[in-house]
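As structure tokens, the structure follows; a few thoughts come after it.
We count residues from 1, following the sequence as given. Counting starts at 1 for both ligands and their atoms, following the listed order. Heavy-atom basis, side chains included; hydrogens, waters and symmetry copies ignored. All figures in this text were calculated on a predicted structure; none of them were measured in a lab.
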Amino acid sequence: MTELIDPAPPTLAEQARAALGKRNLVLIGLMGAGKSAIGRMTAQTLGIPFIDSDHEIERVSRMSISDLFAAYGEAEFRALETRVIKRLLRSGPRVVSTGGGAYINENTRRHIRRGGLTVWLKADLDVLWERVNKRDTRPLLKTENPRQTLENLMNARYPVYAEADLTVLSRDVKKETMVEEVLAAITAAGRRT
Ligand SMILES: Nc1ncnc2c1ncn2[C@@H]1O[C@H](COP(=O)(O)OP(=O)(O)O)[C@@H](O)[C@H]1O
Ligand SMILES: O=C(O)C1=C[C@@H](OP(=O)(O)O)[C@@H](O)[C@H](O)C1
Ligand SMILES: [Mg+2]
């Protein structure tokens, strides 16, 4: 007689993967929130592809984000960003990390809202500033007072990011903890919908 063995309960990653189904997971939030870093790790944990929209923009344009801003200006960058994100969201499931301004652009936001489950990585100014001031790859922060610029962007953008399906607080904890919280949020949302 064969013995019936209870299957192991599903892991958090398996539960989140099931809740996501064919949908894309789209990370939004301000510069330094961890969209690129946490998005990559989340995709690995879920076992689905990861794409960073800025990386894809750099690949297709063969230019860095800074050079794109300098050569063509922000409006052209936004138009390219819209096209790239629309294409990236055409098939799923994937984790797509967007650049901080993507969700703020009305056109891009429309594609994102249709194209997947949105998670806002929300962080306070000190956390963001600590992270972004170490690098000079973000053209919008090449101002006289970049911390103030970041704060202004926060004030302008947080009400829009707040429309996301889910919000996870990004703070100084291990990246693995952030990934777990994203997975837990997806799982809980899956139960609700
Ligand atoms: N939970 C975290 N703890 C410590 N450092 C983090 C955490 N999340 C992200 N970082 C770091 O902060 C910096 C900005 O993260 P990044 O993923 O590029 O943000 P975004 O894509 O939202 O601008 C990177 O150097 C990244 O490794
Ligand atoms: O907030 C923004 O408008 C931007 C954020 C950047 O991406 P990260 O949020 O990944 O730094 C990048 O897309 C570009 O510099 C503009
Ligand atoms: Mg990024």
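Under a 4.0 Å criterion applied to the non-hydrogen atoms of Arg78, ligand 2 contributes the atoms 2 (C), 3 (O), 16 (C). Set against the non-hydrogen atoms of Leu140, the atoms of ligand 2 under 4.0 Å away are 2 (C), 3 (O). Which parts of ligand 2 touch Phe77 is read off a 4.0 Å heavy-atom cut-off, strictly below it: atoms 13 (O). If you number the atoms of ligand 1 from 1 as listed, the ones under 4.0 Å from a heavy atom of Val173 come out as 1 (N), 2 (C), 3 (N). Every atom of ligand 2 is numbered from 1 in the order shown, and the set under 4.0 Å from a heavy atom of Arg138 is 11 (O). Of all atoms in ligand 1, listed by their number and element, those nearer than 4.0 Å to a heavy atom of Met178 are 1 (N). If you number the atoms of ligand 1 from 1 as listed, the ones under 4.0 Å from a heavy atom of Met31 come out as 23 (O). The Ala37 neighbourhood of ligand 1 comprises atoms 17 (O), with distances under 4.0 Å to a heavy atom of that residue. If you number the atoms of ligand 1 from 1 as listed, the ones under 4.0 Å from a heavy atom of Arg171 come out as 1 (N).
The option from Glu176, Arg138, Lys175 that lies nearest to atom 10 (N) of ligand 1, judged by heavy atoms, is Lys175. By heavy-atom distance, the residue among Arg157, Lys142, Arg135, Glu81 lying nearest atom 1 (O) of ligand 2 is Arg157.
From the protein, the heavy atom lying nearest to atom 15 (O) of ligand 2 is Pro139 CD, 3.5 Å. The shortest contact between atom 19 (O) of ligand 1 and any protein heavy atom is with Gly34 N, 3.1 Å. Scanning the protein heavy atoms around atom 2 (C) of ligand 2, the nearest turns out to be Gly101 N, 3.3 Å. Given atom 14 (C) of ligand 2, the protein heavy atom at minimum distance is Ile65 CG2, 3.8 Å. Residue, atom and distance of the protein heavy atom nearest to atom 11 (C) of ligand 1 are Arg131 CD, 4.1 Å. Nearest to atom 9 (O) of ligand 2 among the protein's heavy atoms is Lys35 NZ, 2.7 Å. Distance from atom 21 (O) of ligand 1 to its nearest protein heavy atom, with residue and atom name: Ser36 OG, 2.8 Å. Residue, atom and distance of the protein heavy atom nearest to atom 5 (C) of ligand 2 are Gly100 N, 3.3 Å. Taking atom 6 (C) of ligand 2 as the reference point, the nearest protein heavy-atom neighbour is Asp54 OD2, 3.6 Å.
Distance remark: protein heavy atom present below 4.0 angstrom from atom 2 (C) of ligand 1. For atom 16 (P) of ligand 1, the protein comes within 4.0 Å by at least one heavy atom.
With hydrophobic clusters built from ILVMFWY side chains whose heavy atoms lie under 4.5 angstrom apart, Ile51 does not share a cluster with Ile38.
Within the model, atoms CD of Glu81 and OH of Tyr103 stand 13.5 Å from one another, a figure rounded to the nearest 0.5 Å.
At least one heavy atom of Gly32 sits closer than 4.0 Å to an atom of ligand 1. Under a 4.0 angstrom heavy-atom cut-off, Lys134 registers as lying outside contact with ligand 1. In this structure, Leu30 has a heavy atom closer than 4.0 Å to ligand 1.
The distance criterion of under 3.5 Å between nitrogen or oxygen atoms is met by Ala33 with respect to ligand 1. On a distance-only criterion, Gly99 and ligand 2 share no N/O pair closer than 3.5 Å.
Between the side chain of Lys22 and the backbone N or O of Ser91, no donor-acceptor pair lies under 3.5 Å.
The two residues Ser170 and Ala33 have their closest heavy-atom pair at OG-O, 2.7 Å. Nearest approach of Ala164 to Thr118, heavy atoms of both residues: CA-OG1, 3.5 Å.
Taking the six-membered ring where tryptophan is involved, the planes of Tyr158 and Trp120 are perpendicular, since the angle between them exceeds 60° and thus also 30°.
In summary, no N, O or S atom of Thr98 is located under 2.8 Å from the Mg ion (ligand 3).
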